[in-house]
J.: 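Once you've had a glance at the structure underneath, I'll fire off some questions.
Count residues from 1 along the sequence. As the structure is a prediction and not an experimental result, all values here were calculated from the model.
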Amino acid sequence: MKTGVISMCAAVLVAGTPFVCKAEKAASADVVIENAEYKLVLGADAVAKSLVHKASGEECLMPGVKVPAFSITQYRPYDNELQLSYPAKSKTFAAKSVVRQGDKLIVEFELVSHIATIGLKITDSYIGFSLEKLDYRIEDYGVKRVTAVDEFTILQLPVKDRANFGDWLNVMWDKEVAVNLLATGPSAKIDGFVNPGYHMLTAAAIRNIKIIGTGCALITTRSDKLLSRIQRVEEDYGLPQGAKSRRCDAYKWSYYELRGNGKLQQTIDRNIEYALKGGFRMMVIYWTDFASSAGHFNWRKEFPNGIEDLKAIVAKIKAAGLVPGLHMHYNKASLTDSYVTPIPDHRLNLRKIFTLAQELDDTSASVFVEENPAGCTLEKRRKYLKIGNELITYEDYTTEPPYQFKGCKRAALGSTATSFPLGSKFGLLDVDTWPIFVRFDQRTGIQREVAERLSALCAGAGFEFLYFDGAEDVHPPYWYHVANAQYEVYKALDPKPLLSEGAMKSHFSWHMLSRGNAFDHFPPEVIKEATCKYPLAEAAHLSKDFTSLNFGWMSYVAPSKKTVGTQPDMYEYVTSHAAGWNCPVSLVARLNHMDRHPRTPDNLEVLKRWEDVRNTDFLTPDMKENLRDPEKEHILLLDEKGAFELCECEQILEAAQGSPGMRAFIFERNGSPCVVYWHPSGDAQAKLMVNPDKITVYESIGVPLAVSKKGDSVIIPVGKRRYIQSKLSRKETIALIKTATVLP
């Protein structure tokens with residue numbers, strides 16, 4: 001049989017000169033690929049046989065799992081004979097042989113006639129694998145042509161389970177060894193599939209994204225060296241510096257986020273004052289405070305001088321010693337933005353495409369279509385059709401022929417009603433679920449265009465931190481577009497930010513999002529429960545990815561008839577548990593609430609103490625482990641000498657007979673029961689039925705407070721946080737606080 005080979009590079013098919021490929025000969029020798037830290041052995045049949053970490057001698061692969069390291073997937077068999085033999089569904093063709101030729105691996109596959117060339121990049125820190133070429137052997141009989149490759153598995157390894165698996169970074173590790181299969185660019189689809197006793201770590205190239213040139217890096221190292229090895233990958237491949245950002249000083253800093261409703265010029269000084277009292281080292285501006293819409297980010301009327309006005313605000317933030325940051329939406333346009341109205345941009349995403357089944361005049365209230373509209377949204381404010389430069393809303397649609405959108409209103413959002421001929425193509429506009437934005441078509445250049453605009457904004461104002469909000473607002477494939485939309489922005493930025501956070505992540509996002517997301521605001525009445533359920537649980541999860549998260553956003557709420565407001569113990573609960581996982585917090589400050597909350601000084605003092613602790617080595621590993629317990633609460637004190645002191649505490653429920661005028665917690669100090677107490681919403685006095693000799697009231701630790709004594713009772717002030725040291729037993733002290741009376 002004679003054969004010819006056709007090369008498939010960058011999706012261009014070029015006829016090659018017939019030849020018998022060396023790899024066509026039966027391979028017989030193992031392929032050994034190694035660097036200073038590990039040795040990977042592939043059998044001649046392309047099955048991964050061994051991955052040994054040299055320093056420890058540990059075998060990292062699951063024994064007995066015989067899965068080829070490479071494969072080709074077609075979404076149906078495309079070869080003429082194969083499509084006659086197999087059903088029309090996705091089929092994977094395993095590699096059947098591999099040989100090494102210098103820094104290349106030559107791989108052949110079962111049933112299909114492809115020959116893959118995988119390039120190797122061997123360094124002491126990692127080994128890179130990249131699909132360089134796909135050849136295709138053409139037989140000289142039958143109806144044969146080059147067939148497509150929908151997915152190509154560049155490398156897959158059955159890695160033995162260890163104590164931790166980080167599903168974001170795609171790393172298996174314990175205290176000794178880490179095995180990490182890492183993308184070297186945004187186009188590699190990275191995953192780790194759960195199996196009994198092991199995870200199958202995979203890196204794949206996808207035809208609709210990029211096949212030729214897609215690659216990955218395999219790292220096998222001591223766990224405490226992993227970030228250094230990743231940093232080398234990032235440097236060599238020109239990736240965002242995710243490892244470096246996780247080791248900078250600012251990584252553990254919390255931030256104070258402004259919500260000024262366009263009045264930042266008037267309020268910035270007051271906000272900076274509060275931020276410094278709370279010990280914050282970063283301050284973040286939300287884009288709505290200076291821009292009228294996302295997309296073009298046109299200036300609000302309160303910013304008549306545009307970037308100069310914003311630059312002056314950022315300069316004040318920097319002068320106060322705070323890192324300035326921007327909280328932005330970057331992958332969508334507001335419904336009020338000029339990307340949407342009056343002429344909708346042709347690069348807005350369409351969720352479904354339809355064909356006009358009848359000519360559409362400029363007044364028709366029904367739009368007849370060839371395709372079934374089933375599945376189109378019926379949510380209010382999301383029902384928009386985009387046809388040409390017109391937007392049309394609809395009330396309902398039919399799911400039986402003749403298919404039509406009914407109850408249509410023409411010329412929506414300021415667009416112009418137009419007539420369209422039979423056969424015109426149009427689509428369902430991709431309005432987000434808020435619904436106040438329209439998502440971009442990430443396959444077009446609109447994201448790059450907005451990225452350049454944001455880059456000019458960040459450089460002009462001087463922002464050094466970014467929050468990528470709304471990161472979920474991209475279309476499929478999500479594994480690619482979530483990160484790549486962020487990457488388009490990141491590539492445009494000059495200078496690059498110190499660190500970033502984001503609302504959603506995929507594998508490649510790890511290089512850009514230094515810390516995990518902040519959760520949306522939890523009301524005071526449920527903030528502890530919600531913190532336990534969400535940030536605390538995620539902190540344990542993300543720690544496996546060598547990453548922290550932000551335990552905010554904590555909303556600042558003043559007491560009212562509807563709520564107790566945010567109280568010192570609530571902030572103590574959140575930020576102490578965050579410190580247990582080496583995580584920061586964030587405070588979303590609303591100035592009117594902060595100004596009228598009587599306990600604002602106490603709240604800020606709590607935050608400052610924990611922020612100061614976060615930037616010292618006060619917390620021991622045992623302390624941090626204790627702080628991670630969701631059932632435990634702690635109070636961070638300043639002792640008589642101004643040094644930190646950590647005590648476990650417990651709320652005294654029904655303090656002062658259930659009065660809303662007292663909130664109290666008991667803790668042990670120097671062998672004695674102590675109580676921290678305060679009034680949640682004002683100032684009052686309370687009567688304690690106790691011999692005055694049995695308690696001492698302190699304004700602060702070590703500073704006694706004179707109180708009124710009447711026989712066997714004491715009158716104490718109830719306002720800001722104060723302390724009681726008791727000579728009674730713990731049980732008696734709790735009973736004393738429960739039976740207290742808040743005086744009218």
Side-chain angles (χ1 to χ4, degrees), residues 276-279 567-573 575-576 579 598-620 622-623 626-627 632-652 655-656 661-680 682-710 713-737 740 742:
L276 295 177
K277 287 181 178 178
Q567 298 295 323
D569 63 288
M570 299 173 188
Y571 289 131
E572 193 112 43
Y573 183 92
T575 194
S576 64
R599 300 287 79 82
T600 290
D602 292 303
N603 286 331
L604 294 177
E605 176 62 24
V606 166
L607 292 168
K608 184 180 186 304
R609 290 181 187 182
W610 281 103
E611 193 63 13
D612 289 346
V613 156
R614 217 184 315 275
N615 289 276
T616 68
D617 57 1
F618 170 75
L619 294 176
T620 66
D622 286 343
M623 286 180 178
N626 202 31
L627 288 171
K632 294 179 179 179
E633 296 196 44
H634 294 82
I635 183 169
L636 184 63
L637 304 170
L638 291 179
D639 67 14
E640 292 82 354
K641 296 181 180 180
F644 292 123
E645 183 177 328
L646 183 65
C647 297
E648 190 173 331
C649 64
E650 179 184 357
Q651 185 171 5
I652 300 176
M662 181 182 282
R663 198 169 179 91
F665 288 75
I666 189 167
F667 58 95
E668 302 289 328
R669 185 170 186 268
N670 298 328
S672 299
C674 296
V675 175
V676 58
Y677 73 97
W678 65 92
H679 194 300
D683 289 279
Q685 290 184 319
K687 184 177 182 179
L688 302 182
M689 298 304 298
V690 64
N691 186 317
D693 295 335
K694 294 296 184 181
I695 65 168
T696 303
V697 182
Y698 291 93
E699 189 75 17
S700 59
I701 299 298
V703 181
L705 176 68
V707 296
S708 300
K709 304 175 182 179
K710 293 185 178 180
S713 67
V714 175
I715 305 297
I716 63 172
V718 187
K720 70 173 190 176
R721 284 206 311 175
R722 294 183 174 91
Y723 304 87
I724 297 172
Q725 184 172 348
S726 173
K727 294 180 181 179
L728 304 173
S729 68
R730 180 184 178 91
K731 183 177 180 180
E732 291 170 330
T733 302
I734 292 173
L736 174 65
I737 300 302
V742 175

J.: Between Glu650 and Arg730, does any NZ, NE, NH1 or NH2 come within less than 4.0 Å of an OD or OE carboxylate oxygen?
T.: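 Yes, Arg730 and Glu650 are salt-bridged.
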J.: Under a 4.0 Å N-O cut-off, is there an ion pair linking Glu645 with Arg669?
T.: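 Salt bridge flag = yes for Arg669 with Glu645.
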J.: Answer yes or no: is there a side-chain heavy-atom contact under 4.5 Å between Lys720 and Arg599?
T.: yes
J.: May I ask you to test the Arg722-Glu699 pair for a side-chain heavy-atom distance under 4.5 Å?
T.: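 They are in contact (side-chain heavy atoms under 4.5 Å apart), so the answer is yes.
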J.: Whether the side chain of Asn670 engages the backbone of Ser672 through a donor-acceptor N/O pair (distance < 3.5 Å, no angle test) should be reported.
T.: no
J.: Counting N and O atoms only, with roles assigned by atom type, does the side chain of Ser700 sit under 3.5 Å from a partner on the main chain of Val703, one being a donor and the other an acceptor?
T.: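 Looks like no, no N/O pair under 3.5 Å.
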J.: Grab the two heavy atoms, one from Ile666 and one from Pro673, that are nearest each other, plus how far apart they are.
T.: CD1-CB, 4.3 Å
J.: Would Glu572 and Arg721 count as a salt bridge (charged side-chain N to carboxylate O under 4.0 Å, His left out) if you check the C-alpha gap in whole Å, the side-chain angles of each, and the deciding distance to 0.1 Å?
T.: CA-CA 13 Å; Glu572 193 112 43; Arg721 284 206 311 175; 3.5 Å; yes
J.: Using side-chain heavy atoms (C-beta onward) and a distance below 4.5 Å, is Leu705 in contact with Pro717?
T.: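 Of all side-chain heavy-atom pairs linking Pro717 with Leu705, at least one is under 4.5 Å.
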J.: What closest approach, in Å, do Leu636 and Phe618 show between heavy atoms, and which atom pair accounts for it?
T.: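 In terms of heavy atoms, the two residues are closest at CD1-CE2, 4.2 Å.
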J.: Look only at the side chain of Gln567 and the backbone of Pro680, and say whether a donor-acceptor pair between them is shorter than 3.5 Å.
T.: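 Yes; at least one donor-acceptor contact below 3.5 Å.
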J.: For a 4.5 angstrom cut-off between non-hydrogen side-chain atoms, does Ile695 reach Leu736?
T.: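 Contact flag for Ile695/Leu736 side chains = yes.
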J.: Compute whether any side-chain donor of one residue and acceptor of the other, for Arg609 and Thr575, lie under 3.5 angstrom apart.
T.: no
J.: Does any N or O in the side chain of Arg663 come within less than 3.5 Å of the main-chain N or O of Ile652, such that one atom is a donor and the other an acceptor?
T.: no
J.: Taking the side chain as everything from C-beta on, heavy atoms only, tell me whether Val697 gets closer than 4.5 Å to Tyr677.
T.: yes
J.: Does this structure show an ion pair linking Lys608 with Glu611, if we count only N-O contacts that are shorter than 4.0 Å?
T.: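 Between Glu611 and Lys608 there is no salt bridge, as every charged N stays at least 4.0 Å from the carboxylate O atoms.
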